[in-house]
Amino acid sequence: MAKKPKTVLSLCRATGVLHLGNYLGAVRDFVALSEDPNAECYFGIADLHALTSLTDPEKLRPATRQVARDYLAAGIDPQQSALFLQSDVKETNELFWLLCNVTATGELLRSKTYKEMSDKQPENVNAGLLMYPVLMAADILGPQADLVPVGDDQITHLEMARNIAKRFNHRFGETLRMPAPYRKSSIRVPGLDGKGKMSKSDGNGFGIAEEPEAIWEKLRVAYTDPARQRRTDPGNPDLCPIATIHRFVSPKDDVEKIEDGCRTAGIGCIDCKKILHGHLSDLLAPVRARNQKLTDGDVSDALAAGATRVRTRFQETVATVRERMGL
RNA sequence: ACGGGCGUAGCUCAAUUGGCAGAGCACCUGAUUCCAAAUCAGGCGGUUGGGGGUUCGACUCCUCCCGCCCGUGCCA
């Protein structure tokens with residue numbers, strides 16, 4: 001049964017170095033997906049979307065390239081999947097405008113993220129912020145994606161893309177494929193400061209290609225359950241980010257061992273961190289190894305090839321959309 | 001384009017009539033701790049958006065420029 005492979009499109013914010021939370025929460029799944037013969041994957045790095053928040057031009061380009069590099073290091077094979085920069089696909093902008101005309105402004109104004117961003121950066125409430133979902137719809141509908149891996153925060157944006165596609169198809173005839181969300185059980189990796197999830201802006205994580213020594217320096221000083229003031233004080237793994245990370249990366253036996261050891265003061269936090277560090281090193285060793293071999297040229301080549309592939313898909317869609325709309 | 005508001009440490013904001021530019025948070029170091037956290041001690045941090053002027057002395061007053069916000073207008 002030669003089933004036609006599903007088109008998968010994923011967008012990633014251009015934030016710079018990918019950290020463990022990015023890896024466990026999303027990128028690792030993307031790698032697995034990309035190895036599925038029934039999936040044809042397109043991985044876009046959303047640098048156009050990044051412009052809606054004030055960004056330093058000196059920093060955006062390196063950050064964007066760093067994400068691309070980390071994707072490759074994580075195991076995305078550029079021969080198999082298309083890795084591209086959103087801004088390299090000029091067709092996105094054309095499709096964006098065409099789709100604007102089947103987008104209800106009311107829906108955009110009601111968008112929760114639009115309101116949140118307006119509050120977050122009141123000095124820069126630009127139109128891009130408002131049009132953000134339309135651009136994203138163009139990203140998704142351009143390559144006629146079947147599946148879109150999304151986090152909870154992006155689910156309403158995908159809904160909007162579906163509404164736009166539905167409205168277009170209704171007015172101009174069946175043209176755009178209806179994308180479906182692809183949701184993995186999303187996991188939340190806590191930050192090393194114990195104050196929430198790992199995030200780039202809070203600087204409470206570590207890069208997936210960092211040296212083990214560098215990772216250890218960050219792990220060593222990471223937050224732990226404050227109840228364990230002395231080595232002999234018992235603690236609660238549920239209150240310790242280290243224990244939570246253990247659950248994601250360590251084998252069951254070790255998880256039980258450290259949780260039990262924590263509750264009974266059988267092992268110290270440093271021991272616990274050392275065990276975690278060992279497993280982390282194993283987990284990330286292939287990533288680090290690939291990263292070391294990667295050259296800037298490899299990254300550029302992958303992005304160029306990816307852009308060409310995704311643009312081909314876009315050109316087909318845009319040609320049909322133009323024609324249907326009467327251009 | 002006009003009118004109004006604003007611009008001070010990475011962030012939030014002080015600074016009397018014009019009188020030594022400060023605090024909190026964040027960050028770094030030390031004490032402490034199995035490591036952290038908390039606490040204590042110390043430290044880093046500034047061309048006060050920029051130029052010019054008045055003055056013995058300007059964050060403060062005058063002037064011009066830059067940038068942002070709000071409102072109004074003009075052109076398309």
Is it true that [Y] and [X] share a donor-acceptor pair across their side chains at a distance under 3.5 Å?
{"X": "A/Asn163", "Y": "A/Glu159", "result": "no"}
{"X": "A/Ser300", "Y": "A/Arg65", "result": "yes"}
{"X": "A/Ser53", "Y": "A/Gln121", "result": "yes"}

| message | Counting primed atoms plus P, OP1 and OP2 as sugar-phosphate and everything else as base, spell out the protein contacts along nucleotides 31-41 of chain B at 4.0 Å heavy-atom distance: B, S or - for each nucleotide, 5' to 3'. | response | --SBBBB----
| Partner residues of A/Pro241 under the side chain to side chain contact (heavy atoms under 4.5 Å, CB included) criterion, sequence neighbours left out |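 A/Pro241 satisfies side chain to side chain contact (heavy atoms under 4.5 Å, CB included) with A/Pro190, A/Tyr223 once adjacent residues are dropped.
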| Residue A/Arg188 excluded, over 12 heavy atoms near CZ under 6.0 Å |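 No.
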Distance, [atom1] atom - from [M] to [N], rounded to whole angstrom:
{"N": "B/U47", "M": "B/G5", "atom1": "C1'", "result": "25 Å"}
{"N": "B/G57", "M": "B/C25", "atom1": "P", "result": "38 Å"}
{"N": "B/C70", "M": "B/C27", "atom1": "P", "result": "33 Å"}
{"N": "B/C11", "M": "B/G45", "atom1": "C1'", "result": "13 Å"}
{"N": "B/G46", "M": "B/U8", "atom1": "P", "result": "14 Å"}
{"N": "B/G49", "M": "B/G67", "atom1": "C1'", "result": "8 Å"}
{"N": "B/A58", "M": "B/C20", "atom1": "P", "result": "12 Å"}
{"N": "B/C68", "M": "B/C28", "atom1": "C1'", "result": "33 Å"}

| Nearest-Å distance, CD (A/Gln121) to C1' (B/G67)? |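 Distance, rounded to whole Å: 17 Å.
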| Euclidean distance, atom CG of residue A/Asn126 to atom C1' of B/C70 [Å, nearest integer] |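 Whole-Å distance recorded here is 17 Å.
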| task | Could you note down all residue pairs passing salt bridge (charged side-chain N to carboxylate O under 4.0 Å, His left out) where residues 286-307 of chain A supplies at least one of them, sequence neighbours left out? | result |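 As it turns out, the salt bridge (charged side-chain N to carboxylate O under 4.0 Å, His left out) pairs with a partner in residues 286-307 of chain A, which skip direct neighbours, are A/Arg69-A/Asp296.
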| From CA spacing to verdict: salt bridge (charged side-chain N to carboxylate O under 4.0 Å, His left out), A/Glu107, A/Arg110 | CA-CA 5 Å; A/Glu107 192 172 15; A/Arg110 261 179 271 122; 5.8 Å; no
| query | Closest heavy-atom contact between A/Ser199 and A/His19? | reply |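 Taking every non-hydrogen atom into account, CA-NE2, 3.7 Å.
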| Under the side-chain hydrogen bond (donor to acceptor under 3.5 Å, both in side chains) criterion, do A/Glu35 and A/Gln80 qualify, and how do the steps go? | CA-CA 8 Å; A/Glu35 287 164 352; A/Gln80 204 160 34; over 6 Å; no
| message | Within residues 243-262 of chain A, which residues have any heavy atom lying less than 4.0 Å from an atom of RNA chain B? | response |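 Hits under 4.0 Å, by residue number: none.
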| said: If the condition is salt bridge (Lys or Arg N to Asp or Glu O under 4.0 Å), which residues does A/Arg313 pass it with, not counting sequence neighbours? | reply: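 Result, salt bridge (Lys or Arg N to Asp or Glu O under 4.0 Å) vs A/Arg313: A/Glu40.
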| Less than 4.0 Å between a side-chain N and a carboxylate O, is that true for A/Arg263 and A/Glu259? |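 Salt bridge present between A/Glu259 and A/Arg263.
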| So what does the secondary structure string of RNA chain B come out as, 5' to 3', with Watson-Crick or wobble pairs under 3.5 angstrom, [ ] for crossing and | for pairs with another strand? | (((((((..((((.....[..)))).(((((.......))))).....(((((..]....))))))))))))....
